[in-house]
Amino acid sequence: MRVIVDYDQCDANGLCSELAPKIFELGADDVLRVREERPRPELWPAAEEAARACPKLAITLTEHA
Ligand code: SF4
């Protein structure tokens with residue numbers, strides 16, 4: 001799985017980093033970063049939950065590396 005964030009859509013509300021802190025991190029500068037662009041399989045459920053929860057639909061999860 002690969003995690004892609006559309007930064008044009010993201011408004012840095014931090015929901016994804018609360019739900020999946022090992023994958024997403026909201027910096028002190030209020031800019032979201034992807035910590036794990038290719039997360040381990042055990043993190044996939046958290047990545048999917050974060051993608052579903054994102055109110056801006058800014059998170060895309062792809063099957064391909
Ligand atoms: S939940 Fe969506 S809008 Fe919010 S910080 Fe994460 S990617 Fe950005």
Side-chain angles (χ1 to χ4, degrees):
M1 172 191 285
R2 183 170 174 213
V3 178
I4 299 167
V5 171
D6 181 348
Y7 290 100
D8 290 335
Q9 295 299 319
C10 173
D11 67 0
N13 56 48
L15 269 176
C16 57
S17 55
E18 283 178 27
L19 291 168
K22 290 183 177 167
I23 303 173
F24 303 97
E25 177 180 33
L26 190 61
D29 52 2
D30 270 349
V31 174
L32 184 77
R33 292 183 186 85
V34 179
R35 302 177 66 194
E36 295 280 352
E37 193 176 329
R38 291 182 173 83
R40 302 184 303 280
E42 57 263 38
L43 294 178
W44 291 1
E48 288 161 357
E49 187 182 8
R52 275 197 302 272
C54 176
K56 306 295 285 184
L57 303 178
I59 301 171
T60 300
L61 307 176
T62 67
E63 299 292 325
H64 307 290

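Not measured: the values here are computed from a predicted model. When a ligand or atom number is given, it counts from 1 through the structure's own listing order.
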Could you measure the distance from the [atom1] atom of [X] to the [atom2] atom of [Y]? Nearest 0.5 Å is fine.
{"X": "Leu19", "Y": "Glu48", "atom1": "CG", "atom2": "CD", "answer": "13.0 Å"}
{"X": "Ile4", "Y": "Thr62", "atom1": "CD1", "atom2": "OG1", "answer": "4.5 Å"}
{"X": "Leu61", "Y": "Ile23", "atom1": "CG", "atom2": "CD1", "answer": "8.0 Å"}
{"X": "Met1", "Y": "Arg38", "atom1": "CE", "atom2": "CZ", "answer": "12.5 Å"}
{"X": "Leu15", "Y": "Arg52", "atom1": "CG", "atom2": "CZ", "answer": "13.5 Å"}

**Study point:** Residues that Pro41 engages under side-chain contact (heavy atoms from CB on, under 4.5 Å), provided they are two or more places apart
**Key:**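 Partners of Pro41 by the side-chain contact (heavy atoms from CB on, under 4.5 Å) criterion, ordered by chain and then number, come out as Trp44.
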Check your understanding: Taking atom 8 (Fe) of ligand 1 as the center, what protein N, O or S atoms are found at less than 2.8 Å?
Key ->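 Correct list: Cys10 SG.
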